[in-house]
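Ligands are counted one by one from 1 in listed order, and the atoms in each one are counted from 1 as well. Note that the structure is predicted; figures quoted are calculated from it, not measured.
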Amino acid sequence: MSRLRLGVNIDHVATIRNARGSTYPDPVRAAEMAIAAGADGITAHLREDRRHISDSDIEALAVITRKRGRPLNFEMAVTQEMEAIALAHLPHAACLVPERREERTTEGGLDVAGGHNAIAPVVRRLVEAGIRVSCFIDADPVQAQASKDMGAQVIELHTGAYCDAVRERSGEADRLLDALRRTSEAAERMGLEIHAGHGIDYETVKPIAAIPQLAELNIGHFLIGEAIFTGLGPAIQRMRMLMDAARANSEAELAQSTSR
Ligand code: PXP
């Protein structure tokens, strides 16, 4: 089982800054702090309405992640404008996400299978430019296969529905976790790298991190919230510790089941 990487999404530092139209808190400073605390990469979503991260944030984040030798994961809608920005900054990775202006956050996965004609040429151009392309999808092997067929090297599984179900104690959590597990197994057989993210907190990170096929988690909103109480560095370190513990447990269980 490979080490699970942690990408820290710093969008909501910019949300707080923009609430006052001020220059602080600075998401670039948060990215520096996240890297110092052990983040394996920085994730940022430049939304079409610029509600949090701005164009100049992306410019600065591209510079500091390069300087610190950490990947920048640029979350983007499949639009000409975002493609041009990705091609101008050449981040390590681009994660294609659906975007609706009226939504509070990215509410569902990208319909890669249904949107083939619009998405495939963008994937091709980004891959040709040397960017690692990931598609943010719901836990559905059909969407994973469509991503693979389009040339994406990575899928990111949307964990939001599962995390909401756990928080709301809705009774749907087991089924949703099972869908994440089964899609991860199927995607591994397809030769895809598998990431996961959205809505993850200290509770939900444990079963998610235990999914052996996952290579990376991207976590933002909860960590930025926790940073108010504990500081960003300690919040990231605690998340890292929980990820490592979940992985170690899952490895021990796997070893036990194969030795039986
Ligand atoms: N991954 C993707 C593709 C996302 O769009 C987001 C939210 O911007 C995240 C991960 C992080 O989600 P959260 O902020 O809920 O941890």
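- Counting protein heavy atoms only, atom 12 (O) of ligand 1 is closest to H198 CA, 3.3 Å.
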- With salt bridge (Lys or Arg N to Asp or Glu O under 4.0 Å) as the test, would you mind laying out the steps for R125 and E128 before giving the verdict? CA-CA 5 Å; R125 288 190 288 269; E128 277 171 6; over 6 Å; no
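- Remark: ligand 1 atoms within the under-4.0 Å shell around heavy atoms of N218 are 10 (C), 11 (C).
- Residue Q80 qualifies as open at atom CD: its count of foreign heavy atoms under 6.0 Å is 12 or below.
- With a 4.5 Å cut-off on side-chain heavy atoms, T159 and T204 do not count as touching.
- Side chain of Q143 to backbone of D111: no donor-acceptor contact under 3.5 angstrom is found.
- Atoms of ligand 1 found under 4.0 Å from any heavy atom of G220, numbered from 1 in the order shown, are 13 (P), 14 (O), 16 (O).
- The option with the heavy atom closest to atom 2 (C) of ligand 1, from among M76, H52, H12, E75, is E75.
- Among protein heavy atoms, the minimum distance from atom 1 (N) of ligand 1 is reached at E156 OE2, 2.5 Å.
- When only interatomic distances are considered, the shortest N/O to N/O separation between V97 and ligand 1 does not fall below 3.5 Å.
- Using a 4.0 angstrom heavy-atom cutoff, F136 counts as in contact with ligand 1.
- In T43, neither the side chain nor the backbone holds a heavy atom less than 4.0 Å from any atom of ligand 1.
- Inter-residue side-chain proximity for R51 and N18 is flagged as unmet; no heavy-atom pair is nearer than 4.5 Å.
- Ligand 1 places these atoms under 4.0 Å from at least one heavy atom of G199: 12 (O), 13 (P), 15 (O), 16 (O).
- When only modelled atom types and interatomic distance are considered, D149 and Q145 share a side-chain donor-acceptor pair under 3.5 Å.
- The ligand atoms of ligand 1 that sit less than 4.0 angstrom from a heavy atom of I219 are 16 (O).
- Residue H221 has at least one nitrogen or oxygen atom sitting less than 3.5 Å from a nitrogen or oxygen atom of ligand 1, judged on distance alone.
- Close approach of ligand 1 to D11 is summarised as follows: ligand atoms under 4.0 Å from at least one heavy atom of the residue are 8 (O).
- Using a 30° and 60° split on the angle between ring planes, Y202 and F222 fall in the perpendicular class, above 60°.
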- Item | Test log, rule side-chain contact (heavy atoms from CB on, under 4.5 Å), inputs E75 and N9 | CA-CA 10 Å; E75 293 179 352; N9 181 317; 3.8 Å; yes
